Structure formats: structure tokens, C-alpha cells
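What follows is a single structure, written as C-alpha cells, with notes after it.
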Amino acid sequence: SGAGMLARRDMALSGRFTRIKVLPVLDAFSINGYFSSFYLTDLLRPISDQIEEIQSFREKNRGSQLFNHLSAVSEGIPALGWVALSQKPAPYVKEMNDAAMFYTNRVLKDYKDSDPCHAEWVRSYLSIWTELQAYIKQHHTTGLVWSKTGPIAPSSLFMAAPAGPCPPPPPPPLPVFTDESPKSDTTAAQRSALFAQLNQGEAITKGLKHVSDEQKTHKNPVLRSQGGEHQTSPSKGRAPCSSTPTPAKKHSPVLELEGKKWRVEYQEQTHGLVIEETELRQVVYVFSCNNSTLHIKGKVNSIIVDNCKKLGLVFDNVVGILEVINSKDIQLQVLGKVPTISINKTEGCHVYLSKEALNCEIISAKSSEMNILVPQEDDDYREFPVPEQFKTVWHGSKLVTEPTEIAG
């Protein structure tokens, strides 16, 4: 059942939070600053790996009935990276919380009258980020601060914790540095040499090699065509990397009905796509379609356009909402009615309204280059831009916001 799946997802999420070890990072901030900052990347790597795992899990389960739940977790989980921010991390956590709320609001809407378990899940999940904000504001308002008087961080902080139950006593763990015989005297000497170089001041630039115009990308068209790489001598140049850039994974195009959801995904330069056999209870989810056109006939419950570019969408009737998210250069044409059109995080969206859809509400956020085209008596359209710039003033007891009039 949906509640059972939700419970299993919740347990999986809890497990991931359990495995994300933030405490060693906070401990490291309480000890010597220079040594700890040098290893900050290693300290945060377990958190970063878990965040990527959660986001990848969401992408692999786009067809799930709990996709909005997974999206809420995927959008909010980067808030755990607040420990790497140097100034005022609380607003960053709030921004991630707001991104998650975009999807939790959908969860509340979908299960408002059917299953209160989902509303409780939303409340519990969002409380993670609100409580984290309160903690940061109380203890780390301006970011984590390195201690200047504490001891040097032990190398054991930078080693991954073993998973599962404790194994038999292993051999002594290797330190992060791979020197065969590390000694405290050598470490101190290396640190002293580093500080000596930093204290040279302007003299530190004397050892830099002069770069001729032939080696400058902006002055050499040949280098620009080669991606900015220039020739270096074999003795002084860095060894060439054996790995090559991994090409983007090619997905198979999808156009199918899955339960009550029409899935239109990964269509590339495909024109003339048509969905004809529609029902009032069905939704249409259009994802990652580029340079394609789609016609949805009949009447459907809702349409979602997500992560698409240069998509042309024509539809007859929608009884709920048409949403455009994370897209670019979208053209929409309404032939019948639609009560609400929502445009979020989209760059370039033209909406052609029908005479029956002139009373629809258009809601936009974090978007640009939006135009609404209204039909005229001569079957032509008149274009009206959606405001992108606003002016807010204080009127005695409340704030009043209105579009700005830009001269010219």
C-alpha cells in the first residue's frame, strides 16, 4: 500500500541520516584550525557521498507514486552542507527547506483527504530543517569557527568509519598521508616550510613562469578550439590523465500510460507526438524532452512539464493545473480551458490562451522571459509580458508590492 511504501522510504531516509556522520566534522572545528581546514574536503566526503546517493535514488524512481516525497528529500538534503559555509549558514538551510516545501505542498494536496499519514510525514521531515536552522542561529550564527588554541587534529578523524558491527581488531590503520615512514619531525618541517613560503609576501611571485601570448587562450584561437589546453614540456608538465570525460547517458524515449500517469520522457527532436486516449483522472508528466512537440487531446487532470528545452505543447482541457518547472524555451497553447498555469524556475515561456481560458490564473516564481498571448477578434494574438521586476514599499501597517514601470 501507499502508506507501507511511505514507511519503508521513511526508514531508508532515517538510515541515511544515521550514516551521515556530522559529529566528527563539528569535533574537528573545535581543534587546530589550520590542520583541520587542510582536510575539510576529506571530512565532508562521507556527507557528500550520501547526498549524491539520495539524489540518485530519486532520479532512478521517477515513476514512483511517492516521487514528490523523494523529491522533497532530494531538494532538502543539500542543507547538510552548511558546515562548509563560512558566513551565515542558516539562510542557506532555509533556502533548501523552501525548495523541499515546493514538493511537500504537493504531497499535502494529493493526500489531503485520503491519508493523514502523509501530512504527518511532511511535518516530521520539515521539522528536521527548521530545528537545524534554530541550532545554527543559536550556536553558529556566522558559521563554524576554527579554534586557534586547540590541539592538532588526529589523523583518525579523516578515516572512514567502518560499516556494520565491529570487526576483529584490524592492523593499525594507515594515515591519510601515504609516506612510508611518517615522523612528527618531518610533519613539523613540512608545515614550517609551507608557512615560510606564505610569508614571502610579494617575493613569492618571483618563481612564476612568464606566459607568452601564444600560450594564452584568449589570444590564441588554436588553443580555444582545443578547449583551452596548451602544450607543456614532458619534464615539467603534469602527467596526462588516463580517464576521459564520461559521455552523458543516453536514455530511451518513453511515451506510455503507467496507471493513471502518462509518461513522456527523453524525447529528442521528435515532432508530432500525440496523446489521444485520455481520461479525467489521468495526469501527464513530461520530463527531459528537447526540441519536440506534443499534443494532448481530450481532458486530463493535470500536466507537468519538467526539465524540458524547446518544447511545444498543445492541449485541449485541464481541470486542475498546468505546471512548468526547470525548463527553457517552452511554448504552450490552450485550445480549451485551464484554471491555473504555474511557471517555476523557467527561462522563456510563451503561453497562447484560448478565448475560453482568458480567466485562468498564471502563477510565476524565479522565472524570466514569460509572455502571455491573448486572442483578438481577427484570430490574431496580442502579446503581453509577465512582470519580472517589482517594487515593494511600506504602507503604514503592511508591505505593498507592485510591478515596476521600466522606462524606454
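Because only heavy atoms are used, hydrogens play no part in the values below, and waters and symmetry mates are left out as well, while side chains stay in. Values in this document were obtained by computation on a predicted structure and should not be read as measured data.
Proximity of D329 to K309: side-chain heavy atoms (C-beta onward) are nowhere separated by under 4.5 Å. Side-chain contact between P375 and L358 is present, with at least one heavy-atom pair separated by less than 4.5 Å. Looking only at side-chain heavy atoms (C-beta outward), L255 and I275 come within less than 4.5 Å of each other. The side-chain heavy atoms of L399 and V393, taken from C-beta on, include no pair separated by under 4.5 Å. Side-chain contact between S354 and L335 is absent, with no heavy atoms from C-beta onward closer than 4.5 Å. Two residues are said to be in side-chain contact when any heavy atoms from C-beta on lie closer than 4.5 Å; I372 and I362 meet this criterion. E256 places none of its side-chain heavy atoms less than 4.5 Å from the side chain of W262. Between V400 and W394, every side-chain heavy-atom pair lies at or beyond the 4.5 Å cut-off.
Under 3.5 Å, the side chains of S292 and N290 contain no donor-acceptor pair of N or O atoms. Of the N and O atoms on the side chains of T392 and T401, at least one donor lies less than 3.5 Å from an acceptor on the other residue.
Rounding to the nearest 0.5 angstrom, the gap separating the CD atom in Q55 from the CD atom in E75 is 7.5 Å. Within the model, atoms CG of D316 and CD of E276 stand 10.5 Å from one another, a figure rounded to the nearest 0.5 Å. Note that the CD atom of E265 and the SG atom of C308 stand 9.5 Å from one another [nearest 0.5 Å]. Rounding to the nearest 0.5 Å places CE of M370 at 8.0 Å from SG of C349. One distance of note links CD1 of I54 with CZ of R58; it measures 12.5 Å at 0.5 Å rounding. Here CD1 of I321 is found 6.0 Å from CD1 of I363. Values are rounded to the nearest 0.5 Å.
Shortest non-hydrogen contact noted between C360 and V338 is CB-O, 2.9 Å. Shortest non-hydrogen contact noted between Y266 and C289 is N-SG, 3.9 Å. Between A72 and Y125, the shortest heavy-atom distance links the atoms O-OH, 2.9 Å. Taking all atoms of both residues into account, the shortest heavy-atom contact from A357 to K337 is CB-CA, 4.3 Å. Closest approach of H118 to V107, counting heavy atoms only: CB-CG1, 3.9 Å. Across F67 and N61, no two heavy atoms sit closer than the pair CD1-O, 3.7 Å.
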Verify side chain to side chain contact (heavy atoms under 4.5 Å, CB included) between L294 and V264, making sure each step is shown before the conclusion. CA-CA 9 Å; L294 171 65; V264 186; 4.2 Å; yes
Please walk me through it: do H271 and N291 pass side chain to side chain contact (heavy atoms under 4.5 Å, CB included)? CA-CA 8 Å; H271 302 281; N291 195 17; 4.0 Å; yes
Just do the side chain to side chain contact (heavy atoms under 4.5 Å, CB included) check on T278 and K299 with the steps written out, would you? CA-CA 6 Å; T278 58; K299 183 180 294 186; 5.7 Å; no
Apply side chain to side chain contact (heavy atoms under 4.5 Å, CB included) to residues E277 and K297 and explain how you reach the verdict. CA-CA 8 Å; E277 300 177 1; K297 297 184 178 181; over 6 Å; no
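Taking the charged nitrogens against the carboxylate oxygens, E323 and R106 do have a contact shorter than 4.0 Å, which makes a salt bridge. Between E120 and R123 there is a salt bridge, since at least one side-chain N of the basic residue sits less than 4.0 Å from a carboxylate O of the acidic one. A salt bridge links D306 to R62: one of the charged nitrogens lies within less than 4.0 Å of a carboxylate oxygen.
For the pairing with I296, the side chain to side chain contact (heavy atoms under 4.5 Å, CB included) check across V314, N317, V318, L313 returns one residue only, L313. Partner of Y352 under the ring pair (Phe, Tyr, Trp, His ring centres under 6.0 Å) criterion, chosen from Y381, F384, F315: Y381.
Checked by atom type and distance alone, the side chain of S127 pairs as donor or acceptor with a backbone atom of S124 at under 3.5 Å. For the pair S71 (side chain) and N68 (backbone), a donor-acceptor distance under 3.5 Å is absent. Side chain of T141 to backbone of K137: a donor-acceptor contact under 3.5 angstrom is found. T293 places a side-chain N or O within 3.5 Å of a backbone atom of G272 that can act as its donor or acceptor partner. Not a single donor-acceptor pair under 3.5 Å links the side chain of S48 to the backbone N or O of P46. With hydrogens and angles disregarded, a donor-acceptor distance shorter than 3.5 Å links the side chain of Q267 to the backbone of V254. At least one donor-acceptor pair closer than 3.5 Å links the side chain of Q282 to the backbone N or O of E279. S367 places a side-chain N or O within donor-acceptor distance of the main-chain N or O of T346, the cut-off being under 3.5 Å. A distance-only check finds no donor-acceptor pair linking the side chain of D115 to the backbone of Y111 [under 3.5 Å].
Atom CG of D379 has 12 or fewer neighbouring heavy atoms from other residues, nucleotides or ligands inside a 6.0 Å radius. Within a 6.0 Å radius of CD in Q376, more than 12 heavy atoms belonging to other residues, nucleotides or ligands are found. More than 12 heavy-atom neighbours from other residues, nucleotides or ligands sit within 6.0 angstrom of NZ on K261.
Checked against a 6.0 Å centroid threshold, the rings of H69 and Y103 do not count as neighbours.
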